[in-house]
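A quick write-up on the structure given underneath.
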Amino acid sequence: MATSSSPLLDVQGLSIRLGKLDQNIVDDVSFTLEAGQTLCLVGESGCGKSLTALALMGLLQSPPLAIAGGTARFGGADLLSMAKEPLRDIRGGRMAMIFQEPMTSLNPGLRIGEQIAESVRRHKGANRAEGRARALEMLRRVRIPAPERRLDEFPHQLSGGMRQRAMIAIALANDPELLIADEPTTALDVTIQAQILELMRELQAETGAAMIMITHDLGVVAEMADQVAVMYGGRIVEAGTVDRIFTDPQHPYTIGLMSSMPSLGDRRDRLVTVPGVVPQPGSMPPGCRFASRCPFHSPLCETVPPLRTCGEGHKVACVHAPLEQLNPVDLQETGT
Amino acid sequence: MTTILSARDLRKEFVTARPIFGAPTVVRAVDGVSLDIEQGETFAIVGESGCGKSTLARLLLRLIKPSGGEVWYDGEDLAHVDEGRMRSLRRDLQFIFQDPFSSLNPQMSVGALIEEPLRVHGMGTQEERRARVAELLTRVGLTPAHADRYPHEFSGGQRQRIGIARALASGPTVLIGDEPVSALDVSIQAQVVNLLEDLKDEFGLTLVVIAHDLAVIRHMADRVAVMYLGEIVECAPANTLYQQPRHPYTETLLAAIPVASYGARRARTVVEGDPPNPISPPPGCRFHTRCPYATDLCRSDRPTLTKLADGRQVACHHAETLTLKGLTSVEPARSAGAAARFALYAKGIAAATTAEPNNNPKSNV
């Protein structure tokens, strides 16, 4: 990941507060993203992956949410401290977002073509005819059949997969350098999901846009990511290149998550699970937030573990990594 | 193996629009489904949204009335027994819903919710019922003290446990789950899958699982029926179905699964287009509009579900001649260190769950 030029996006120490809770709901999240690369933020509900993305877009609902610290440098400017108006110029222009449920994020009362053209007029200063021409071109690029007709249709007239294509068309209309996709295929059927993932890969190769993809599905991660950041309880617990994360996972949570997934190979016995549930925001363990569910926890876990390098292009926030070198006697003395 | 529940030519039509002039718009959500579910097996029904799998599940327990066909359970046709008889049969046949929050009355305490089926079926005295509720709560990994709390106080996984306890209360023989784990996070999903499998073994249940997640099905099911636009297109034992599908739609579904293993990104055949509108399904084979192997025969003649030489059922004109791709070994490539870590983790979890009885339902039996 190390290059001489500065990365496209450089997030350092992003923290988000919820109301008066004294624990940050997103805590000290740092990552960088190079042009043309895909970073997958992966984790379960409530791990902070969507909040991280919303914070970058300046879309946090405030109050009760507020940025508690950190910077996010994107092309020389800090997204987190930027005033509303310049941020609006970037959002939808150089940086765009695709949401999970296209039906709730598309405007139900506007024709598809108009929704694309609107953003082109706003950001590129195009006139009506140019906007409409661009909308048609975009519908073609996301391979919507009969684009001339679809241009004048409303979102409810499209199927779920077509709506998600229309969303992608809106997001890509101004050639963004950074695309943030929040669970873009979670609401779709598996064959449609395969189509959309394929489309996103092709368009990314065409446009060279960088992408942050938020997902809970490790299958999607394996198919899409160059870089992976695994989140738990508002923190990144493990980060690295996609091959490192899948072939050499280090953090007990990453291992637990992978163990919980039913295998597509021959049937095995019981699934190995992650016991218990994610603690409520604000009542996380004081040190390592995964400690309350971790079979390897010890008194060492009562201080916040730093995200440290554990191999080339690979970082982990666990004091016990690598786990196989852990002395089993220590565990018995300190463990459950 | 004895058949416990079977459907014969089961149909359900929904009228979606009744114009003043002209014919009403009719969706054939389930269009002539026949299947036999064996006692003690886990039978899975898979398919994409709108294929009719949830409707079929509801028809099997007569939560909705079929438009035609029969459902046989223990010598009785559920489609035609009267309401009173059906109510008492529900003691044996129970349903688990996808979203336990919308299926549990928010104004009833958890104890009352689990006790309700016992009361309805006039089972036990009040004391006995209370003891049974406590036993059920413990059995699904909650505590007896939870009986006085309300559904909103629980997480999604815990609510699904409550839904399962309620379904188990009357001592059913058949449990049908409509996407019972798909609303849950991966780690919680694994807990509930394990719980369902333990309960099945312990009580000798027959489990029918409706799902769209093919990995969960692979783990749980003995046999799988694949549905497309209201009909079953293939029905086979899970192992053979995944290794060697015989219907092109099954092949398509399997190829679409994103595999959680590095380097698994495959050059795959992505099926084009959306599923057709079930209001006006295409003539001939319903999959022909998206099928890469379709011929003229497929466009004109509708294939029927036929038993092949190996006992598998397939509705495809070309089932005997096509060689389709299944899922070959997808063992994740892991470093030696990682393999050791996974083993240590599994051991650690096993040790922890024995120490904390709440996480291990088996120790509470």
Side-chain angles (χ1 to χ4, degrees), chain A residues 44-45 145 159-162 189-195 197-198 216-224 242-243 245-250 252 255-268 270-278 293-296 322-326 328 331 335-336, chain B residues 48-49 155 157-158 185-191 193-194 197 212 214-216 218-220 238-239 242 252-253 255-265 268 270-275 327 329-335 337-338 340-342 344-349 351-353 355-356 359:
Chain A
E44 298 180 281
S45 327
S159 68
M162 286 301 149
D189 275 321
V190 61
T191 60
I192 308 300
Q193 163 170 286
Q195 292 173 4
L197 292 180
E198 185 110 328
H216 68 281
D217 186 338
L218 286 167
V220 172
V221 175
E223 300 225 345
M224 301 295 287
V242 64
D243 60 319
I245 295 292
F246 280 98
T247 58
D248 199 26
Q250 293 279 353
I255 291 170
L257 204 56
M258 290 182 176
S259 302
S260 302
M261 295 193 38
S263 150
L264 284 162
D266 278 337
R267 197 184 154 159
R268 282 190 209 110
R270 293 164 61 82
L271 294 170
V272 176
T273 63
V274 182
V277 293
V278 183
R293 302 174 73 190
C294 181
F296 305 107
L323 295 166
E324 71 275 20
Q325 284 167 26
L326 195 62
L331 267 185
T336 55
Chain B
E48 297 182 279
S49 30
S155 69
Q158 289 172 319
D185 270 323
V186 183
S187 69
I188 308 299
Q189 172 177 302
Q191 295 173 4
V193 165
N194 282 346
E197 303 216 295
H212 68 278
L214 289 137
V216 170
R218 176 77 170 118
H219 178 80
M220 293 185 79
N239 279 339
Y242 279 71
T252 301
L253 274 183
I257 310 174
V259 177
S261 169
Y262 175 64
R265 191 185 290 187
R268 58 181 168 203
V270 174
V271 66
E272 295 287 325
D274 290 327
L327 283 177
S329 172
V330 280
E331 282 308 305
R334 282 183 192 140
S335 70
R341 266 165 247 148
F342 275 86
L344 273 176
Y345 181 88
K347 226 170 104 191
I349 294 297
T353 42
E356 290 172 56
N359 282 328

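Residue numbering restarts at 1 for every chain, and letters A, B, ... go by the order of the sequence lines.
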Counting heavy-atom pairs under 4.5 Å to chain B, which of [options] comes out on top?
options	answer
A/I245, A/L323, A/V274, A/I255	A/I255
A/P252, A/S159, A/S260, A/P145	A/S260
A/V272, A/L257, A/D248	A/D248
A/G160, A/G161, A/P322, A/G256	A/G256

Hey, could you give me the [atom1]/[atom2] distance between [X] and [Y], rounded to the nearest 0.5 Å?
X	Y	atom1	atom2	result
A/Q195	A/D189	CD	CG	10.5 Å
A/L197	A/E223	CG	CD	6.5 Å
B/E197	B/H219	CD	NE2	4.0 Å
A/M261	A/L218	CE	CG	5.0 Å

Considering all heavy atoms of both residues, which atom of A/E324 and which atom of B/L344 are nearest to each other, and what is their separation?
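Shortest heavy-atom contact: CA-CD1, 3.7 Å.
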If you count heavy-atom pairs within less than 4.5 Å of chain A, which of B/A346, B/A340, B/A333, B/G157 leads?
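It is B/A333.
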Option in B/R334, B/E48, B/Q158 with maximal non-hydrogen atom pairs under 4.5 Å from chain A:
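Most pairs with chain A among the choices: B/E48.
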Is it the side chain or the backbone of A/Q325 that comes within 4.5 Å of chain B heavy atoms, both, or neither?
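Answer is neither: A/Q325 stays 4.5 Å or more from chain B.
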Chain A heavy atoms under 4.5 Å from [X]: which part of the residue, side chain, backbone, both or neither?
X	value
B/V193	side chain
B/Q189	side chain
B/S155	side chain

Flag the pair B/L253 / A/V190 as yes when at least one side-chain heavy-atom distance between them is below 4.5 Å, and no otherwise.
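With C-beta onward as the side chain, the pair touches.
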Min side-chain heavy-atom separation B/L214-B/R218 under 4.5 Å:
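A side-chain contact under 4.5 Å is absent here.
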